[in-house]
K.L.:
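To start, I am sharing the structure in question, which I have written as structure tokens.
Computed over heavy atoms, backbone and side chain alike; hydrogens, waters and symmetry mates excluded.
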There are 2 protein chains.
Amino acid sequence: MLDLMASYQDRGAPRFIRVNPSAGEPIALHGLDGLVAKEISFDRDEEIYGEGEPAEYLYCVRRGAVRTFKLLRDGRRQIDAFHLPGEYLGLSATQTHRLTAEAVVDSKVVIVQRKALESRAAQEADIACAMWKLAADNLRNAQDHMLLLGRKTAQERVASFLLKMVRRKEKLGKEAGTLTLPMTRADIADFLGLTIETVSRSFTNLRALGCIALDGAATVKIADRNELEELAEAAA
Amino acid sequence: MLDLMASYQDRGAPRFIRVNPSAGEPIALHGLDGLVAKEISFDRDEEIYGEGEPAEYLYCVRRGAVRTFKLLRDGRRQIDAFHLPGEYLGLSATQTHRLTAEAVVDSKVVIVQRKALESRAAQEADIACAMWKLAADNLRNAQDHMLLLGRKTAQERVASFLLKMVRRKEKLGKEAGTLTLPMTRADIADFLGLTIETVSRSFTNLRALGCIALDGAATVKIADRNELEELAEAAA
DNA sequence: CGGTGAATTGACGCTGCTCAATAGCGGTGG
DNA sequence: CCACCGCTATTGAGCAGCGTCAATTCACCG
């Protein structure tokens, strides 16, 4: 049995879904006898769900990475989060999805039927509590990100982004001296509220300052973490 | 008995807290026998709770308005939300508050002890479910706001802000042809990720375009709502 | 090796920020 | 009742950070 909430355990969130790691098959859920979770594969850039669609499932990333975003009529895009393995999406309590979700790279995602989940949550407090904790966790990330989008400079945004990726990797118990970013500069730009060019220039700056080293566009070595933290302009 | 969740009823969220309207006194909670809610008054600009403090209470605005925000070391501020009567704050599932909360104007706030609330939520599914719905609601607002902060122009931000205030007022069953804004331009600027001057210029523009009329800085008449919606660049 | 999409780099322009002065408004007291 | 005071908002001029447009360069993959 693989615990999908491994990354949340140390933060005290209850684990409530355990899935059998055999891919492609219906998966038994620990403590959710009436529910079935399935693992589904998505190709790079494939849509997982669309904004406005009825919210039929809750999703948990197993492999790869997922972006959730909103669009304006003229095509401007804001990515609200990247979801890495072990993280949940589709938590909104509304009937329809408020975001579009796409696979950043080839990914595997576990899905749980919301209708069944919600009726269980209405009965069992620990299920509902887990949903609360997960939603609150997403909310906290969103609050941090609003500070970044509203008040940080381009350089600070990119430094903050890299540090956050490092911390998430460490939280999973991995060594994070070198990052392999699954997303393109365009994704990073739309996450940070910048353009591709500005993101690229910021990377170049950080390299010139000796904070990071690049090996190709995707591989980032954290050379001077303290300096990076300084440049990220940590909260007061 | 006054139902604090009146504004949520039509959206299907369970009502779980009912308070006696007599101010200053301990208040009985509907369905929460072991808990006591108290109403507290705060003066304009008074702190309700600070970032990093232990999260002892859940808060519900009764009268006035509350801002929640984060600061950077050098004083840059990002307001993540204005909370109006009937709305909840302090929902994060963490031990400490992630934001600072202050009264925008003289306000009354109902508080509920979190420790007791959480132990009840762990037992009773409808309490936990209500917390989920509330957190998810806050999350949805945050997602909309990230799109605004990351991708909208100054004019679009101000137009979106005014429309949102109108819609919130309407949702409470009030006629919203004229708004009375409780917050200053500085608050609006820090909410929209702009400066005071840019906010002021945007108001002036909107007035010149015939979308709004101003009577003093705080009173805004919505003169052409369709045009305002056009300028807010609604999501696709 | 060659082709293709992504990333980088450069030149230039515009939106929104900074700094500064003025105007407006509400509260207070003579 | 009105004049004054302090705070907030508005307006203006100049500037800079980031966006736009365009040209290479790079990396990956067949």
K.L.:
Report the relative orientation of the aromatic rings in A:F191 and A:H145; use parallel for angles under 30°, tilted for 30 to 60°, perpendicular for over 60°.
P.N.:
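Parallel: the ring planes of A:F191 and A:H145 meet at under 30°.
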
K.L.:
Between P on D:dT8 and CG on B:L214, what's the gap in Å once rounded to a whole number?
P.N.:
18 Å

K.L.:
Does a side-chain N or O from B:R207 land closer than 4.0 Å to OP1 or OP2 of D:dT11, or not?
P.N.:
yes

K.L.:
Hey, does the side chain of B:R151 reach the backbone of A:R77 with a donor-acceptor pair shorter than 3.5 angstrom?
P.N.:
yes

K.L.:
Between B:R185 and D:dT10, is there a side-chain N or O to OP1/OP2 distance below 4.0 Å?
P.N.:
yes

K.L.:
Choosing from C:dT9, C:dA6, C:dC17, which nucleotide comes nearest the side chain of B:L194?
P.N.:
C:dC17

K.L.:
Can any side-chain N or O of B:R185 pair as donor or acceptor with the backbone N or O of B:E197 at less than 3.5 Å?
P.N.:
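It does not hold such a pair.
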
K.L.:
Would you indicate which nucleotide in D:dT10, C:dA6, C:dC17 comes nearest to any side-chain atom of A:T184?
P.N.:
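Closest of the options to the side chain of A:T184: C:dA6.
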
K.L.:
Rounded at 0.5 Å granularity, tell me how far CG in B:L99 sits from CD in B:Q78.
P.N.:
10.5 Å

K.L.:
Separation of B:R76 atom CZ from D:dG17 atom P, in whole Å?
P.N.:
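Interatomic distance, CZ of B:R76 to P of D:dG17: 13 Å.
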
K.L.:
Hey, does the side chain of B:D106 reach the backbone of B:R44 with a donor-acceptor pair shorter than 3.5 angstrom?
P.N.:
yes

K.L.:
I want to confirm an ordering. Mapping B:D45 and A:T195 to their closest nucleotides on DNA chain D, which one lands closer to the 5' end?
P.N.:
B:D45

K.L.:
Under 4.0 Å from any atom of DNA chain C, heavy atoms only: list the residues of residues 146-162 of chain B that qualify, in numerical order.
P.N.:
B:T153, B:A154

K.L.:
Whole angstroms only, please: what is the CD1-P distance between B:I188 and D:dT8?
P.N.:
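That distance rounds to 13 Å.
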
K.L.:
To the nearest Å, give me how far apart CG (A:D190) and P (C:dA6) are.
P.N.:
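So the two atoms are 13 Å apart, to the nearest Å.
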
K.L.:
When rounded to the nearest 0.5 angstrom, what distance separates CD1 in B:I40 from OH in B:Y57?
P.N.:
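The OH atom of B:Y57 is 7.0 Å from CD1 of B:I40, to the nearest 0.5 Å.
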
K.L.:
With a cut-off of less than 4.0 Å, is there a side-chain N or O of B:T198 near OP1 or OP2 of C:dC17?
P.N.:
yes

K.L.:
Rounded to the nearest angstrom, tell me the gap between atom CG in B:N205 and atom C1' in C:dG16.
P.N.:
12 Å

K.L.:
CZ of B:F203 versus C1' of C:dG24: gap in Å, rounded?
P.N.:
16 Å

K.L.:
Assess A:R168 against A:F82: is NZ or CZ under 6.0 Å from the centre of the six-membered ring, and within 45 degrees of the ring's axis?
P.N.:
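Judged by the rule (NZ or CZ under 6.0 Å from the ring centre, within 45° of its axis), A:R168 is not positioned above A:F82.
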
K.L.:
Is there a side-chain contact (heavy atoms from CB on, under 4.5 Å) between B:L231 and B:L206? Walk through the geometry before answering.
P.N.:
CA-CA 9 Å; B:L231 292 173; B:L206 292 175; 3.6 Å; yes

K.L.:
What is the distance, to the nearest angstrom, from the CZ atom on B:R77 to the C1' atom on C:dC17?
P.N.:
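Result: 17 Å.
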
K.L.:
Decide if atom CD of A:E47 counts as having more than 12 heavy atoms of other residues, nucleotides or ligands within a radius under 6.0 Å.
P.N.:
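Enclosed.
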
K.L.:
Establish whether the base of D:dG17 is bridged to the side chain of A:R201 by a donor-acceptor pair shorter than 3.5 Å.
P.N.:
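No, no donor-acceptor pair under 3.5 Å.
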
K.L.:
Compare side-chain N and O positions of B:T204 against OP1 and OP2 of D:dT11 and report whether any pair is under 4.0 Å apart.
P.N.:
yes

K.L.:
Just how far, in rounded Å, is C1' of D:dG12 from CD1 of B:I196?
P.N.:
16 Å

K.L.:
At under 4.0 Å between heavy atoms, how does the protein contact nucleotides 22-30 of chain D? Give one character per nucleotide, 5' to 3', with B, S or -.
P.N.:
B--------

K.L.:
Knowing that exactly one of B:T100, B:L89, B:T96 qualifies, which makes a side chain to side chain contact (heavy atoms under 4.5 Å, CB included) with B:Y49?
P.N.:
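Answer after filtering B:T100, B:L89, B:T96: B:L89.
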
